[in-house]
**Q** 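So that we are looking at the same thing, I have put the structure below in structure tokens.
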Amino acid sequence: MHRRFIVPSALAATLLLAIPAAAAPGTVGAPGIGDPYYPASGNGGYDVSHYDLRLKYQPETDLLEGTATVLATTTQELSRFNLDFGLDVSEVRVNGRKAGFATSGDHELEVTPAQPLAKGRAVSVVVRYAGKPSELKIGGWTAWARTPDGGVAAQEPESAVWWYPSNDHPLDKATYDISVSVPDGTQAISNGVLQSQSSKLGWTRFNWRSDKPQATYLSTLAIGRFDVTTDRTADGLPVLNAYSKDLGPNAGAARASIERTTEVAEWLTGVFGPYPFNALGGYVPNVTSGFALETQTRPFYSPKQFANGANVSVVVHELAHQWYGNSVSVDGWKEIWINEGFARYSQWLWSEKEGEGTAQELADYAYAQHPADDPFWKVKPGDPGPDDQFDIAVYDRGALALQALRNEVGDEVFFELLKGWPAEHAHSNANVGDFLRYAEHVSGKPLAALFDTWLYRPSRPAGPAVAGAGFAGKALSDGRVERPASWKKIAATNTVHDHGDRGHRHDAAEEGSGHEHR
């Protein structure tokens with residue numbers, strides 16, 4: 001989706017003075033990383049290894065002040081490079097020396113170091129900045145939500161632009177230290193492990209560390225007043241959950257769901273293998289949105305996810321992403337099935353485990369829900385397009401593809417695949433083609449036709465393809481397919497990634513109305 005970043009007039013005048021002279025051809029880092037869905041996302045010319053963010057936030061005014069240190073290695077000679085960022089910048093230093101800077105495009109911070117950087121060089125970039133994230137709109141939307149007692153950064157496919165400068169694309173993952181100072185009595189929740197906290201002169205500083213590679217959109221920050229619970233898994237990993245103190249009638253259902261995080265994570269290790277990070281948990285701030293997001297180690301949940309009562313299925317979905325989407329990340333946003341097909345299928349496996357409908361029964365019902373003329377079948381989960389990236393078809397049709405694969409290769413090989421894939425590609429990036437080749441290697445079967453049918457054809461699979469996938473269905477006396485007991489809870493999470501205007505389509509049946517199609 002195209003976004004336009006309008007620079008405030010006073011800032012624009014200042015930046016005009018900092019516009020650098022023309023750089024030598026071939027030495028300017030690209031303003032995008034090359035993703036066809038989001039051409040302005042990310043940047044070229046360098047790889048980030050670590051972000052160190054030192055922040056101060058005033059909830060009353062929404063003023064965020066920050067110093068970001070970005071550690072990177074150049075991948076080409078650079079006379080200039082870009083960072084993705086939208087707040088007002090006062091100073092940039094590269095390897096300790098002041099650098100020129102300007103803005104361009106939708107949210108590009110152009111940095112011109114005092115001297116060109118050689119290829120393969122370790123680089124430190126320090127950016128000092130300040131601003132009110134809630135006032136920054138890019139393409140008419142924001143990833144920063146004000147709350148009654150603070151603010152929250154959580155969005156997909158981009159959120160970093162609103163609170164720190166970065167290479168904002170999943171292809172460039174890095175480790176993080178996030179240190180946040182807030183007024184006493186207020187807390188700052190972020191990714192990973194809380195290393196320490198200390199108070200001085202009316203301010204409390206929280207220091208968080210995420211020590212495994214993390215995509216920028218998976219970084220999160222929540223500032224407000226929270227009730228915090230802590231625990232440890234059987235393997236000794238710290239668990240931290242946080243709930244806004246003013247969740248109102250959704251508070252109990254939220255807690256009843258999120259407090260099962262440890263149980264769900266331990267079950268998922270049996271399905272996907274060892275948990276890939278240094279901490280886990282979840283948080284529920286007092287926001288008006290309706291989505292949830294798999295922010296690394298500490299998923300974000302909107303209170304509306306629990307408006308109809310507890311729903312552990314959404315916890316299963318977001319925790320499954322820690323393996324599929326977070327540890328193994330997409331190398332481009334068209335590969336979103338790598339994230340969402342597996343997370344939805346994990347909900348089907350949880351239903352199977354809980355005795356509320358097998359994955360096969362859920363697949364039968366999902367298939368029967370959508371007749372051949374339903375637009376559901378026009379969306380290709382393997383390449384849905386940016387407007388349909390979070391369409392329900394990516395989730396349900398994506399899970400249908402996995403059930404078809406399971407029936408083709410058998411349970412033993414299928415569950416070997418589910419564990420082997422995140423081990424094979426831990427803390428890296430991959431695409432659908434990589435998974436196809438891996439599945440063919442492990443199973444010893446040709447699977448390209450199956451993947452093409454279920455992930456890339458803009459039509460409802462029928463005939464031999466459906467018979468081969470085993471989607472027979474359990475018919476009722478009137479010809480309808482029986483609805484599994486878990487369907488309503490799973491359908492209630494269809495808005496899980498409904499990010500405002502990001503293009504997630506729902507209809508009545510998808511929202512759990514219970515209508516069945518013959």
Side-chain angles (χ1 to χ4, degrees), residues 29-30 32-35 37-38 40-53 68-75 81-85 122-125 143 153-178 190-193 208-221 272-280 293-300 318-340 342-343 421-432 434-435:
I33 208 165
D35 193 317
Y37 278 20
Y38 302 102
S41 293
N43 304 287
Y46 61 93
D47 286 323
V48 178
S49 60
H50 186 73
Y51 293 96
D52 183 275
L53 309 179
T69 301
V70 183
L71 303 182
T73 301
T74 58
T75 58
F81 60 90
N82 287 19
L83 292 164
D84 298 305
F85 194 47
V123 179
S124 67
V125 183
Q155 257 292 359
E156 184 183 21
E158 293 142 350
S159 68
V161 166
W162 280 263
W163 60 292
Y164 68 95
S166 70
N167 196 11
D168 201 4
H169 190 277
L171 260 181
D172 196 359
K173 301 201 285 190
T175 55
Y176 282 76
D177 282 307
I178 299 177
S190 191
N191 308 87
V193 173
W208 295 88
R209 171 167 291 176
S210 195
D211 67 353
K212 294 293 190 295
Q214 176 175 292
T216 45
Y217 83 96
L218 297 174
S219 61
T220 192
L221 178 62
F272 297 145
Y275 181 75
F277 302 117
N278 66 342
L280 67 155
L293 184 63
E294 63 270 20
T295 40
Q296 194 156 305
T297 71
R298 189 149 293 104
F300 158 91
E318 301 308 334
L319 290 181
H321 275 311
Q322 305 306 310
W323 287 262
Y324 284 85
N326 294 14
S327 179
V328 185
S329 300
V330 297
D331 64 11
W333 282 109
K334 80 181 185 71
E335 314 293 344
I336 191 66
W337 177 73
I338 291 290
N339 295 15
E340 303 303 344
F342 290 84
W421 171 258
E424 181 90 0
H425 293 274
H427 308 301
S428 65
N429 301 78
N431 58 47
V432 179
D434 293 328
F435 185 80

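A quick note: this is a predicted structure, and the numbers were derived from the prediction, not measured. These numbers come from the heavy atoms of this one structure, side chains and all, not from hydrogens, waters or symmetry mates.
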**Q** What's the separation between atom CG in Asp168 and atom CG in Leu83, rounded to the nearest 0.5 Å?
**A** 10.5 Å

**Q** Would you say Ile338 and Trp421 make side-chain contact, with heavy atoms under 4.5 Å?
**A** yes

**Q** Give the minimum heavy-atom separation between Ser159 and Ala154, together with the two atoms involved.
**A** CB-C, 4.4 Å

**Q** Does a side chain donor of either Gln296 or His321 reach within less than 3.5 Å of an acceptor in the other side chain?
**A** no

**Q** Return the minimal non-hydrogen interatomic distance between Leu319 and Pro299, and the atom names on each side.
**A** CD2-CG, 4.2 Å

**Q** Checking side-chain polar atoms at under 3.5 Å, does Ser190 have a donor or acceptor matched by the opposite partner on Tyr176?
**A** no

**Q** Checking the side chain of Ser41 only, and the main-chain atoms of His169 only, is there a donor and an acceptor separated by less than 3.5 Å?
**A** no

**Q** Are Tyr324 and Glu294 side-chain neighbours, meaning at least one heavy-atom pair lies under 4.5 Å?
**A** no

**Q** Does Lys173 reach the main-chain N or O of Asn326 with its side chain, forming a donor-acceptor pair under 3.5 Å?
**A** yes

**Q** Say whether, by atom type as modelled, one donor and one acceptor occur between the side chain of Asp35 and the main chain of Trp333 under 3.5 angstrom.
**A** yes

**Q** A side-chain contact here means heavy atoms from C-beta on lying under 4.5 Å apart; do Tyr164 and Val70 qualify?
**A** no

**Q** Working to the nearest 0.5 Å, report the span between CG of Asn339 and OG of Ser329.
**A** 7.0 Å

**Q** Considering all heavy atoms of both residues, which atom of Pro422 and which atom of Val328 are nearest to each other, and what is their separation?
**A** CA-CG2, 3.7 Å

**Q** What is the distance from atom OH of Tyr51 to atom CD of Gln214, rounded to the nearest 0.5 Å?
**A** 10.5 Å

**Q** Got a second to check how far Arg298's CZ is from Glu318's CD, nearest 0.5 Å?
**A** 14.0 Å

**Q** Quick one: are the ring centres of Phe272 and Trp323 less than 6.0 Å apart?
**A** yes

**Q** Considering non-hydrogen atoms only, spot the tightest contact between Ala160 and Ser166 and give its length.
**A** CB-OG, 3.5 Å

**Q** To the nearest 0.5 Å, how far apart are CG in Asp172 and OH in Tyr46?
**A** 7.0 Å

**Q** Supply the atom-to-atom distance Phe300 CZ to Gln155 CD, rounded to the nearest 0.5 angstrom.
**A** 8.0 Å

**Q** So, applying side-chain hydrogen bond (donor to acceptor under 3.5 Å, both in side chains) with Arg209, which one of Asn191, Asp177, Asn278 is it?
**A** Asp177

**Q** Are the side chain of Asn43 and the backbone of Asn82 linked by a donor-acceptor contact shorter than 3.5 Å?
**A** yes

**Q** Does the ring center of Phe342 lie less than 6.0 Å from the ring center of Trp337?
**A** yes

**Q** Please tell me if the side chains of Thr73 and Thr75 come closer than 4.5 Å, counting only heavy atoms from C-beta onward.
**A** no

**Q** With distance as the sole test, does Asn429 use its side chain to make a donor-acceptor pair with the main-chain N or O of Pro170 at under 3.5 Å?
**A** yes

**Q** Assess, by modelled atom type and distance only, whether the side chains of Asp434 and His425 contain a donor and an acceptor separated by less than 3.5 Å.
**A** no

**Q** Measure across Asn167 and Val48 and return the closest heavy-atom pair with its distance rounded to 0.1 Å.
**A** CB-CG2, 4.1 Å

**Q** Closer than 3.5 angstrom, by distance alone: can the side chain of Ser210 be matched with the main-chain N or O of Thr175 as a donor-acceptor pair?
**A** no

**Q** Answer whether the closest heavy-atom distance between the side chains of Trp163 and Leu53 falls below 4.5 Å.
**A** yes

